[in-house]
> 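This is the structure, below, for whatever I ask next.
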Protein chains: 2
Amino acid sequence: MNQRQREPKRGPSLSRRGKDGDGAERQEVIYRSISDAIIEHRLKPGARLREDALTEVFGVSRTGIRKILQRLAMEQLVTLTPRRGASVTRPTADEAKDVFDARQMIECGLMPEVARRISEVDVRELRDMARCERQALKDGEQSAAIKLSAALHARLAEISGNATLADFVDRLCSRSSLILAVYGSAGHLGCESHDHDDLIGYLEAGNGERAAAFMSRHLKAIEASLSMVEEEDKAPDLHTIFSR
Amino acid sequence: MNQRQREPKRGPSLSRRGKDGDGAERQEVIYRSISDAIIEHRLKPGARLREDALTEVFGVSRTGIRKILQRLAMEQLVTLTPRRGASVTRPTADEAKDVFDARQMIECGLMPEVARRISEVDVRELRDMARCERQALKDGEQSAAIKLSAALHARLAEISGNATLADFVDRLCSRSSLILAVYGSAGHLGCESHDHDDLIGYLEAGNGERAAAFMSRHLKAIEASLSMVEEEDKAPDLHTIFSR
DNA sequence: TACAAAAATTTCGTATACAAAAAATGTTCC
DNA sequence: GGAACATTTTTTGTATACGAAATTTTTGTA
């Protein structure tokens, strides 16, 4: 009722009736859209996110967009500069180190408990995710693979039963995706395709210590694959492009 | 122009020129006011936080208040119920366990690095904080003691140099204050007064392992001091109170 | 007096309006 | 021709307005 015909061109059905829930869910959908776009590298670090543009794309007013932007800023996926607006965060090398150190501590520390609590259905679900990830990699769909990898790590943490730590891991994985986008070498994705399957195997066997050690190596391998050079493309963009 | 005479006594200069910064800082001040009030138990778990009331108290419009409320909700200090508004979070027993397990993992895991990086000035600052805390305890100022204790733990994590993990610890400490408010027995505060001094001693000596072990015992002691009974005061409030 | 239905009030959710700041563009003067 | 300044346009920050849902109060009836 409150949103009548403020979108005269597209037709009135988009924002009101199309099965979009009661508004609170709509916000969640938009949040996930932007979040996914960032995690999948379809929005690259440094990309500006103007409020008006997002308003047009999603058909909600700036009030709603700003709420979402603020939430993304808290998860450090976007950076809010006082009077310059929002942009996709460009992680520094220091931040990258912090994130991977944190993952090392939390994800490895969680493995014993995960091994203790993992169930048959969990294993099946995880193997399915790993299979999807491998398939995506084979098909050259980097975006999908990156998202699936992060989702797998996050799901793993959830199984521990500690919602707080699972939430931390979720955020660290999202930020890791951003870090991969900036410092990852093209073609070589962070996670080896068979790593996750091996890890699931250790957990299924109830071997928490082994799983933790493997996770540690896994994360170290990802971090080692990064090329930590902070490139800054403020203005040189055009110069380098048109120089020859 | 936009804020008429909501502060008739102070004159119109308060919100723009009166030394209060450019608005962004003002928000921070208000955020901290509410946050502190919650951490110090001056706002008790379950207390409602009506937007209009906060609007009047702080002299900013609902837009600003809601931004702050949303931030507090993300840190789990307040709970936002869809059409009921905001209230101070009342942690469940499960959440309490998660928070202390998380602190156990992160704070203890951080101690070795803290022991490695701690400096003379850090030690002096920490001892000063511990002294203030002990003093507050002696003076019966529970509110101040609780806040100082949380601040000490948070500062400790900062010294590790990992901003991400320090941020996690900061949030966990805030939530711990809430947990203390609900499950803590009156009179017996979580931290023993001399514990923190001992801990600083180990760190100063560069003994990370010992510090980690001590921190573990320290946190266990706090958790053990809680009485985990979930009282619920939905409606029976008035009935039980006036029944005899 | 007790219970139920309806009106009234409160309070939140969202859109819009307006002002201020920054960026971009055009103009003028040297 | 280039740099400094003014103007216009864009974009963000904040307040307010309006509508909907929920709670409370009132009122009528049994």
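Proteins get letters first, then strands, A, B, ... in listed order; numbering begins at 1 in each.
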> So, is B:Arg66 near the phosphate of C:dG13, with a side-chain N or O under 4.0 Å from OP1 or OP2?
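For C:dG13, OP1 or OP2 has a side-chain N or O of B:Arg66 closer than 4.0 Å.
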> So does A:Ser61 get a side-chain nitrogen or oxygen closer than 4.0 Å to the phosphate oxygens (OP1/OP2) of C:dA15?
yes
> B:Glu51 has an atom CD; how far is it from atom C1' of D:dA17, in whole Å?
15 Å
> In whole angstrom, give the distance that lies between atom CZ of A:Arg26 and atom P of C:dT14.
11 Å
> Quick one: label B:Arg50 by what it contacts on the DNA or RNA (base, sugar-phosphate, nothing), any heavy atom closer than 4.0 Å.
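Counting heavy atoms under 4.0 Å across all strands, the contact made by B:Arg50 is with sugar-phosphate only.
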> Over how many whole Å does the gap from A:Phe58 atom CZ to C:dA15 atom C1' extend?
18 Å
> Closer to the 5' end of DNA chain C via nearest nucleotide, is it A:Arg84 or A:Gly64?
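Closest to the 5' end, via its nearest nucleotide, is A:Gly64.
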> Check whether any side-chain N or O of B:Ser119 sits under 3.5 Å from a backbone N or O of B:Asp122 as a donor-acceptor pair, and report yes or no.
yes
> What is the separation between atom CG on B:Leu54 and atom P on C:dT11, rounded to the nearest whole Å?
12 Å
> Rounded off to whole Å, could you give me the CD1-to-P distance for the A:Ile65 and D:dG13 pair?
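After rounding, the gap between these two atoms is 14 Å.
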> Is the phosphate of D:dT14 approached by B:Lys67 (side-chain N or O, under 4.0 Å from OP1 or OP2)?
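Affirmative; the distance criterion is met.
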> Working note: B:Ser160 + B:Arg117, criterion side-chain hydrogen bond (donor to acceptor under 3.5 Å, both in side chains); need CA distance, chi angles, decisive distance, verdict.
CA-CA 7 Å; B:Ser160 78; B:Arg117 302 173 77 132; over 6 Å; no
> Can you check the B:Leu49 CG to C:dT10 P distance for me, whole Å?
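Checked: the CG to P distance equals 20 Å.
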> Can you confirm whether the side chains of A:Ser87 and A:Thr79 place a donor and an acceptor under 3.5 Å from each other?
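The answer is no; no qualifying pair exists.
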